[in-house]
Amino acid sequence: MTLRVGEQVPDIPLTRMTETGPAPVARQELFAGRRVALFAVPGAFTPACTDRHLPSITVNADAILSAGIDTVACLSVNDIFVMRAWGKDRRVGDDVVMLADGAGAWTVAAGLDWDLTGFGLGLRSQRYAMIVDDTRVAHLAVEQGGAFDVSSGDAVLRVLRR
(Lines give C-alpha, C1' and ligand atoms only; values in the text may rest on other atoms or scores of the structure.)
Protein backbone atom coordinates (compact mmCIF):
# COMPACT_ATOMS: atom_id res chain seq x y z
CA MET A 1 0.00 0.00 0.00
CA THR A 2 1.30 3.44 -0.90
CA LEU A 3 2.39 5.76 1.85
CA ARG A 4 -0.17 8.48 2.59
CA VAL A 5 -0.09 12.02 3.89
CA GLY A 6 0.20 11.93 7.69
CA GLU A 7 2.00 8.59 7.83
CA GLN A 8 5.61 8.16 8.88
CA VAL A 9 8.19 7.43 6.23
CA PRO A 10 9.75 3.95 6.45
CA ASP A 11 12.22 3.29 9.24
CA ILE A 12 14.72 1.75 6.82
CA PRO A 13 18.16 3.29 6.31
CA LEU A 14 19.11 4.87 3.02
CA THR A 15 22.73 5.42 1.96
CA ARG A 16 24.61 8.63 1.30
CA MET A 17 28.21 9.29 0.41
CA THR A 18 30.40 10.93 3.04
CA GLU A 19 34.03 12.02 3.03
CA THR A 20 34.94 8.60 4.40
CA GLY A 21 32.76 6.58 2.04
CA PRO A 22 29.23 5.19 1.95
CA ALA A 23 27.23 5.61 5.15
CA PRO A 24 23.75 4.60 6.20
CA VAL A 25 21.37 7.41 7.05
CA ALA A 26 18.56 6.48 9.43
CA ARG A 27 15.05 7.91 9.37
CA GLN A 28 15.67 9.85 12.57
CA GLU A 29 18.87 11.39 11.27
CA LEU A 30 17.43 12.51 7.95
CA PHE A 31 13.86 13.40 8.84
CA ALA A 32 13.36 13.91 12.61
CA GLY A 33 12.71 17.54 13.51
CA ARG A 34 13.31 18.60 9.91
CA ARG A 35 11.41 19.44 6.72
CA VAL A 36 12.77 17.51 3.78
CA ALA A 37 11.91 17.78 0.09
CA LEU A 38 12.51 14.28 -1.24
CA PHE A 39 12.52 13.72 -4.99
CA ALA A 40 12.57 10.15 -6.27
CA VAL A 41 13.53 9.11 -9.77
CA PRO A 42 13.38 5.76 -11.56
CA GLY A 43 17.09 5.74 -12.33
CA ALA A 44 20.29 7.72 -12.37
CA PHE A 45 21.58 8.47 -15.86
CA THR A 46 18.24 7.59 -17.45
CA PRO A 47 17.08 10.14 -20.04
CA ALA A 48 14.10 11.84 -18.35
CA CYS A 49 15.73 11.73 -14.92
CA THR A 50 18.98 13.24 -16.20
CA ASP A 51 17.64 15.71 -18.74
CA ARG A 52 14.51 16.92 -16.93
CA HIS A 53 13.97 15.80 -13.35
CA LEU A 54 17.38 16.31 -11.71
CA PRO A 55 17.91 19.71 -13.40
CA SER A 56 14.49 20.85 -12.14
CA ILE A 57 15.62 20.00 -8.63
CA THR A 58 19.06 21.60 -8.76
CA VAL A 59 17.89 24.84 -10.41
CA ASN A 60 15.23 25.24 -7.70
CA ALA A 61 17.21 23.96 -4.69
CA ASP A 62 18.04 27.40 -3.26
CA ALA A 63 14.44 28.58 -3.57
CA ILE A 64 13.14 25.35 -2.01
CA LEU A 65 15.54 25.73 0.90
CA SER A 66 14.50 29.37 1.30
CA ALA A 67 10.85 28.27 1.44
CA GLY A 68 11.37 26.48 4.75
CA ILE A 69 12.92 23.19 3.71
CA ASP A 70 15.97 22.00 5.66
CA THR A 71 17.18 19.38 3.17
CA VAL A 72 16.63 18.75 -0.52
CA ALA A 73 17.33 15.13 -1.44
CA CYS A 74 17.23 12.99 -4.57
CA LEU A 75 16.55 9.26 -4.14
CA SER A 76 16.88 6.39 -6.57
CA VAL A 77 17.02 2.60 -6.46
CA ASN A 78 20.67 2.65 -7.48
CA ASP A 79 23.82 2.07 -5.48
CA ILE A 80 25.52 5.02 -3.81
CA PHE A 81 28.49 4.92 -6.19
CA VAL A 82 26.14 5.45 -9.15
CA MET A 83 24.33 8.22 -7.28
CA ARG A 84 27.63 9.93 -6.47
CA ALA A 85 28.82 9.64 -10.08
CA TRP A 86 25.50 10.99 -11.36
CA GLY A 87 25.65 13.92 -8.94
CA LYS A 88 29.20 14.75 -10.01
CA ASP A 89 28.38 14.38 -13.70
CA ARG A 90 25.39 16.72 -13.36
CA ARG A 91 27.26 19.12 -11.03
CA VAL A 92 24.61 18.82 -8.33
CA GLY A 93 26.75 20.46 -5.63
CA ASP A 94 26.00 20.58 -1.92
CA ASP A 95 22.40 21.82 -2.05
CA VAL A 96 21.01 18.39 -3.01
CA VAL A 97 21.80 15.25 -1.03
CA MET A 98 22.06 12.22 -3.30
CA LEU A 99 20.54 9.17 -1.59
CA ALA A 100 20.68 5.53 -2.62
CA ASP A 101 18.12 2.84 -1.92
CA GLY A 102 20.33 0.14 -3.38
CA ALA A 103 18.07 -2.86 -2.84
CA GLY A 104 14.84 -0.86 -3.01
CA ALA A 105 13.80 -1.76 0.56
CA TRP A 106 12.77 1.81 1.49
CA THR A 107 10.93 2.25 -1.79
CA VAL A 108 9.03 -1.04 -1.44
CA ALA A 109 8.14 -0.24 2.20
CA ALA A 110 6.76 3.13 1.02
CA GLY A 111 4.69 1.34 -1.64
CA LEU A 112 6.31 3.48 -4.32
CA ASP A 113 8.13 0.76 -6.23
CA TRP A 114 7.78 0.21 -9.96
CA ASP A 115 8.59 -3.09 -11.64
CA LEU A 116 10.42 -2.26 -14.85
CA THR A 117 11.77 -5.79 -15.35
CA GLY A 118 10.10 -5.95 -18.75
CA PHE A 119 12.32 -3.07 -19.86
CA GLY A 120 15.48 -4.65 -18.41
CA LEU A 121 15.62 -2.21 -15.48
CA GLY A 122 14.36 -4.38 -12.61
CA LEU A 123 12.74 -2.89 -9.52
CA ARG A 124 12.78 0.91 -9.53
CA SER A 125 11.11 3.81 -7.79
CA GLN A 126 8.14 5.60 -9.19
CA ARG A 127 8.81 9.23 -10.04
CA TYR A 128 7.53 11.40 -7.18
CA ALA A 129 8.11 14.37 -4.92
CA MET A 130 7.46 14.19 -1.19
CA ILE A 131 7.65 16.76 1.54
CA VAL A 132 8.41 15.16 4.88
CA ASP A 133 7.81 17.09 8.08
CA ASP A 134 9.39 15.52 11.18
CA THR A 135 9.26 11.94 9.73
CA ARG A 136 5.66 12.32 8.48
CA VAL A 137 4.53 12.78 4.91
CA ALA A 138 3.11 16.29 4.49
CA HIS A 139 2.80 16.15 0.68
CA LEU A 140 3.14 13.36 -1.87
CA ALA A 141 2.85 13.81 -5.62
CA VAL A 142 3.36 10.66 -7.71
CA GLU A 143 3.64 10.88 -11.47
CA GLN A 144 1.35 8.75 -13.62
CA GLY A 145 3.02 6.66 -16.32
CA GLY A 146 5.54 8.69 -18.26
CA ALA A 147 4.22 12.05 -17.05
CA PHE A 148 6.35 14.80 -15.57
CA ASP A 149 3.83 17.22 -14.10
CA VAL A 150 3.80 17.02 -10.29
CA SER A 151 7.26 15.92 -9.15
CA SER A 152 9.55 18.63 -10.51
CA GLY A 153 11.40 21.21 -8.49
CA ASP A 154 9.00 23.82 -9.89
CA ALA A 155 5.96 21.82 -8.76
CA VAL A 156 7.32 21.43 -5.22
CA LEU A 157 8.14 25.13 -5.06
CA ARG A 158 4.52 25.93 -6.02
CA VAL A 159 3.30 23.68 -3.18
CA LEU A 160 5.63 25.35 -0.69
CA ARG A 161 4.49 28.83 -1.71
CA ARG A 162 0.78 28.12 -1.13
Side-chain angles (χ1 to χ4, degrees), residues 1-17 24-27 30-31 34-61 64 69 71-87 89-90 92 95-160 162:
M1 191 160 98
T2 303
L3 202 57
R4 293 185 213 171
V5 170
E7 294 180 336
Q8 282 194 315
V9 294
D11 192 9
I12 296 172
L14 296 167
T15 306
R16 69 174 163 207
M17 189 58 76
V25 56
R27 176 176 69 187
L30 183 60
F31 298 109
R34 306 171 55 78
R35 286 187 81 204
V36 177
L38 180 66
F39 296 87
V41 299
F45 292 107
T46 58
C49 301
T50 299
D51 298 336
R52 296 176 68 198
H53 204 168
L54 189 59
S56 81
I57 299 164
T58 57
V59 76
N60 286 293
I64 291 169
I69 294 294
T71 301
V72 175
C74 180
L75 170 72
S76 186
V77 179
N78 287 112
D79 67 66
I80 193 57
F81 298 101
V82 168
M83 292 301 287
R84 177 180 64 175
W86 190 40
D89 181 71
R90 300 283 91 194
V92 168
D95 287 342
V96 179
V97 177
M98 302 300 277
L99 296 172
D101 184 18
W106 197 96
T107 299
V108 169
L112 292 163
D113 52 302
W114 192 13
D115 186 356
L116 293 175
T117 303
F119 297 100
L121 297 173
L123 175 78
R124 296 296 177 131
S125 173
Q126 293 182 55
R127 184 181 310 282
Y128 65 87
M130 180 186 299
I131 297 172
V132 181
D133 193 353
D134 192 23
T135 75
R136 296 200 176 272
V137 178
H139 170 79
L140 176 60
V142 182
E143 296 290 356
Q144 299 300 312
F148 185 62
D149 301 315
V150 298
S151 66
S152 68
D154 295 319
V156 167
L157 199 50
R158 284 191 298 274
V159 168
L160 292 169
R162 282 190 214 156

#### Entry: Beyond-backbone contact of Phe31 with Thr71, side-chain heavy atoms, under 4.5 angstrom
no
### Task
Identify the two heavy atoms, one from Ser151 and one from Ala141, that lie closest to each other, and give their separation to 0.1 Å.
CB-O, 4.2 Å
### Task
Please name the pair of heavy atoms, one in Thr15 and one in Val25, separated by the smallest distance, quoted to 0.1 Å.
N-CG1, 4.2 Å
### Task
Let me see the working for Arg124 and Asn78 under side chain to side chain contact (heavy atoms under 4.5 Å, CB included), right down to the final yes or no.
CA-CA 8 Å; Arg124 296 296 177 131; Asn78 287 112; 3.7 Å; yes
### Query
Roughly how far, to the nearest 0.5 Å, is the OH atom of Tyr128 from the CG atom of Leu38?
5.0 Å
### Query
salt bridge (charged side-chain N to carboxylate O under 4.0 Å, His left out) with Asp154: which residues, sequence neighbours excluded?
none
### Task
Quick one: pull up CZ in Arg52 and OG1 in Thr46 and give me the separation to the nearest 0.5 Å.
11.5 Å
### Query
Between Ala61 and Val96, what is the shortest heavy-atom contact and its length?
CB-CG2, 4.0 Å
### Query
Roughly how far apart are Gln144 CD and Gln126 CD, rounded to 0.5 Å?
7.5 Å
### Query
Of all heavy-atom pairs between Ala40 and Ser125, which one has the smallest distance, and what is that distance?
CB-OG, 3.5 Å
### Query
Could you state the interatomic distance from CE (Met17) to CD1 (Ile80), rounded to the nearest 0.5 Å?
5.5 Å
### Query
Rounded to the nearest 0.5 Å, how far does CG of Asp95 lie from CD1 of Ile69?
13.5 Å
### Any side-chain heavy-atom pair of Pro10 and Leu3 under 4.5 Å
yes
### Query
Of the non-hydrogen atoms in Val77 and Gly102, which two are nearest, and what is the gap between them?
CG1-O, 3.9 Å
### Task
List for me each residue that meets salt bridge (charged side-chain N to carboxylate O under 4.0 Å, His left out) alongside Arg35, sequence neighbours excluded, and say none if there are none.
none
### Message
I need the minimum non-hydrogen distance between Asp149 and Ala155, along with the two atoms involved.
### Response
O-CB, 4.0 Å
### Task
For the pair Thr117 and Leu123, evaluate side chain to side chain contact (heavy atoms under 4.5 Å, CB included) and give the outcome as yes or no after the intermediate values.
CA-CA 7 Å; Thr117 303; Leu123 175 78; over 6 Å; no
### Message
Set out, in order, the CA-CA distance, both residues' side-chain angles and the distance that settles side chain to side chain contact (heavy atoms under 4.5 Å, CB included) for Leu99 and Leu30, then state yes or no.
### Response
CA-CA 11 Å; Leu99 296 172; Leu30 183 60; 3.7 Å; yes
### Message
For Phe39, is there any backbone N or O sitting under 3.5 Å from a side-chain donor or acceptor partner on His53?
### Response
no
### Message
Taking the side chain as everything from C-beta on, heavy atoms only, tell me whether Glu143 gets closer than 4.5 Å to Val150.
### Response
yes
### Query
Checking Asp101 side chain against Trp106 main chain: does a donor-acceptor pair fall under 3.5 Å?
yes
### Query
Is any side-chain heavy atom of Val156 less than 4.5 Å from a side-chain heavy atom of Asn60?
no
### Query
Any sub-3.5 Å donor-acceptor pair from Asp133's side-chain atoms to Arg136's backbone N or O?
no
### Task
Kindly write out the residues that satisfy side-chain contact (heavy atoms from CB on, under 4.5 Å) with Trp86, not counting sequence neighbours, or none if the list is empty.
Val41, Ala44, Phe45, Cys49, Thr50, Leu54, Cys74, Met83, Arg90, Met98
### Query
Does Thr2 reach the main-chain N or O of Gly111 with its side chain, forming a donor-acceptor pair under 3.5 Å?
yes
### Message
Quick one: does any side-chain atom of Arg27 pair with a main-chain N or O of Val9 as donor and acceptor, under 3.5 Å?
### Response
yes
